[in-house]
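See structure below.
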Amino acid sequence: MLISSCIPEPESPTIEVSENSQLMKVREWFEENKTTLRLPERGSNYRTDAQELILPFFEKEPDWDQFHHYYFPDGREVFEVSLENATKYFPKSMLDSFPNQNPADFVIQNIMFIKHETANRFDPLIARYYPDNQNNKSDFDEISYNTIPFDWSGKLEIFTYDEHFFVGFEFKEGVFERSYTYQEVNGDKKITQYNMDVRCTTIYFPVGYEACSGGHCTTTIERWVGETSCSGSSSGSNYIYNTGSGSDGGPSGTPDGGGCSTCPKVPPRDLPKYEPPTIPLPSSIIVGLKNPCAADIFRELSRGSKNLTDLTGLGGLDIFPGMLDLFEQSGKFDYRIQNGYVNGANAFTERVNGINVITLNNAYLAQATSLSIARTIIHETVHAYMWEQTKNTSDKNTLNLLNLYWEKYRDSDKSRWPDTHHAAMSNFILGMAVSLHNWDKNHGPTGGTLGFDYYYKSVFAGLVKKDNPTELIEEAEAFLPESTSWNEILIQINNEVSGNNKAKGEKCD
């Protein structure tokens, strides 16, 4: 039996507050408080072998025209703004990854303003994105703390406003690998494991940072540090800046985590407004997609292809690349894909705190063919695209379509969003079919040998009525192939959904 894809049913559309007006409040707060945004002095700061990795401070100059706006999972609002300063720090190891080039050209350096839960203030942190190599270079619009690209490999390091090292994260092809912290040690190199995850390990090695400004690079810091690296269950942790007090499980004044009996007493004083906030694990597009087969299919669809279907004579289009290119036409957006439990559907698309979230049903992934899963990802991507376009007032075509079908399908309780979307999605049938064909031709089980008609029929899956998920929605009927009934197509679709079509599609185990 065909199980339809679906989207949530909000009571009514919501009106979002202007991002620019919110950003102005952040800017006014920063200009008023930036002279006080320094960490308080602590005992460990007075030791000759300070237990922190600290880079030289430079005044921050945000470029307020370039920003990302998002929310942490706990609801805290974040504005991540580009820093326009000419000075950039990067690990010396990048010199090997970018030979005969200035690695600073490929470092993205932002300042994150995190809204405090209760106080009328924003806690700033510095985020630096270091790509592994040429293939992972990103533009400002392509990467942020809340949107690590699906195929990005590199390190993201977080510093406090005055350049105390906070925490680092490493990603391989968009997947979180580990987090790590640095503790500077100039004395004995002792292995320590603070009160952290049992799978944390500590090693000691020299670490160096370069500073580049105006095309000239110099070594600013090079010392022995201890790297405490955590993986596994740490992915669900909140990261807390090590204050040096030892009270939160971090190192205190000595390398072995013991008390700092030699540290001078610091007289009490009023602390400045800024205290580093807790932060969650950075979010990647596929951070929640734990099914390896589905994750591979998503990456393949997202990359598009150099070997694209020629659509000459098929609707006037020349080519239709990977489905994520839809979003590149209208600018960056927040997009996630994950797997989990979904009640009564193959997949589910919703907006959570302004983020488009796709959930693939675990039960569906366990039995469907890879071709069916690719088709479902494409279908849900168009749902996410439509949600995004409701905010994009310049896309009159999509807005007009959605408004037209909303008026047609909404009922007294305004619960017909699925019908609205599926009616509008009928206009994407050809493009969806071409994307599915391109995926199979370049990555799928049959090498694209099924004939274009097979892919075209497949993408009718899910274009059904809310009240009767076995009945095709009216707008899609106009695009049915000649001499082909909906029931014939249903048989083909259900064979792929159930994994029974072994001759034409492999299961995604």
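Positions are given from 1, in the same order as the sequence printed here.
- Using cut-offs of 30° and 60° on the angle between ring planes, the pair F67 and F79 is tilted.
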Checklist line | Verdict with reasoning, K60 to E163, per salt bridge (Lys or Arg N to Asp or Glu O under 4.0 Å) | finding: CA-CA 11 Å; K60 275 57 176 181; E163 303 296 349; 2.8 Å; yes

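- Here the CE-OH distance, from M112 to Y70, works out to 4.0 Å after rounding to the nearest 0.5 Å.
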Notebook entry, point to check: When you look at Y364 and S372, which way does the side chain to side chain donor-acceptor pair (under 3.5 Å) test go after all the steps?
Noted result: CA-CA 10 Å; Y364 167 69; S372 181; 2.7 Å; yes

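- With respect to K172 and D132, a salt bridge is recorded, a charged nitrogen being found less than 4.0 Å from a carboxylate O.
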Margin query: Run the side chain to side chain contact (heavy atoms under 4.5 Å, CB included) test on V78 and K115 for me, step by step, so that the C-alpha distance in whole Å, both residues' side-chain angles and the decisive distance to 0.1 Å come before the verdict.
Written below: CA-CA 6 Å; V78 184; K115 184 71 172 69; over 6 Å; no

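- Checking S153 against E173 by side-chain atom types alone, no donor-acceptor pair falls below 3.5 Å.
- Taking the six-membered ring wherever Trp is involved, the centroid distance between the rings of Y209 and Y89 does not fall below 6.0 Å.
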Checklist line | Stepwise side chain to side chain contact (heavy atoms under 4.5 Å, CB included) test for L281 and S179 | finding: CA-CA 9 Å; L281 182 75; S179 63; 5.6 Å; no

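- At a threshold of 4.5 Å between non-hydrogen side-chain atoms, the residues F122 and N33 do not count as touching.
- Separation of atoms NZ (K25) and CG (N120) is listed at 9.0 Å; rounding is to 0.5 Å.
- With salt bridges taken as basic N to acidic carboxylate O contacts below 4.0 Å, none links R128 and E80.
- Between the side chains of E84 and Q66, no donor-acceptor pair is found at a separation under 3.5 Å.
- Contact record, L37 with P124: CD1-CG, 3.9 Å, taken as the closest heavy-atom pair.
- Y145 has its ring centre no less than 6.0 Å from the ring centre of H68.
- Under a cut-off of 6.0 angstrom, the local environment of CG in D74 is crowded, with over 12 non-hydrogen atoms contributed by other residues, nucleotides or ligands.
- Across P149 and I285, no two heavy atoms sit closer than the pair CA-CD1, 4.4 Å.
- The nearest pair of heavy atoms linking Q101 to P103 is O-CD, 3.2 Å.
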Note to self: Let's go through E77 and Q22 carefully: what are the C-alpha distance in whole Å and the side-chain angles of both, what is the deciding distance for side chain to side chain donor-acceptor pair (under 3.5 Å) to 0.1 Å, and is it a yes or a no?
What the structure shows: CA-CA 10 Å; E77 186 178 25; Q22 292 170 281; 2.6 Å; yes

Checklist line | Trace of the side chain to side chain donor-acceptor pair (under 3.5 Å) decision for N339 with N291 | finding: CA-CA 7 Å; N339 58 279; N291 182 291; over 6 Å; no

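- Each of L360, T359, I377, D296 was checked for a side-chain contact (heavy atoms from CB on, under 4.5 Å) with L289, and the lone residue meeting it is L360.
- Note on R27 versus E32: no salt bridge recorded, every NZ/NE/NH1/NH2 to OD/OE distance being 4.0 Å or above.
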Next item on the list: Evaluate the criterion ring-ring contact (aromatic ring centres under 6.0 Å, His included) for residue pair F166 and F159; output intermediate values, then yes/no.
Entry: CA-CA 5 Å; F166 192 131; F159 294 80; 9.6 Å; no

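- Taken to the nearest 0.5 Å, the CD atom of Q109 stands 5.5 Å off from the CG atom of L83.
- Of all non-hydrogen atoms in I286 and G174, the two that sit nearest each other are CG1-O, 4.0 Å.
- Minimum heavy-atom separation, L301 to S435: CD2-O, 4.3 Å.
- Separation of the F90 and F106 ring centroids does not fall under the 6.0 Å cut-off.
- A distance of 9.0 Å separates CD1 in I378 from CH2 in W439, rounded to the nearest 0.5 Å.
- Within the 4.5 Å cutoff, side-chain heavy atoms of R375 are placed close to those of N346.
- Of all heavy-atom pairs spanning I54 and H164, the tightest one is CD1-NE2, 3.6 Å.
- Atom CZ of residue F176 and atom CD of residue E170 lie 9.5 Å apart, to the nearest 0.5 angstrom.
- The shortest side-chain heavy-atom distance between E300 and N442 does not fall under the 4.5 Å cut-off.
- In this structure, W64 has its ring center closer than 6.0 angstrom to the ring center of F113.
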Next item on the list: For H421 and W387, run side chain to side chain contact (heavy atoms under 4.5 Å, CB included): C-alpha distance rounded to whole Å, both residues' side-chain angles, the deciding distance at 0.1 Å, then the answer.
Entry: CA-CA 9 Å; H421 270 217; W387 280 128; 3.9 Å; yes

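- Distance check, rounded to the nearest 0.5 Å: CD of E210 to NE2 of H216 gives 9.5 Å.
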Margin query: I158 vs I126, test: side chain to side chain contact (heavy atoms under 4.5 Å, CB included). Steps then yes/no.
Written below: CA-CA 6 Å; I158 304 297; I126 306 304; over 6 Å; no

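- The ring pair (Phe, Tyr, Trp, His ring centres under 6.0 Å) test applied to Y180 returns Y182, not counting sequence neighbours.
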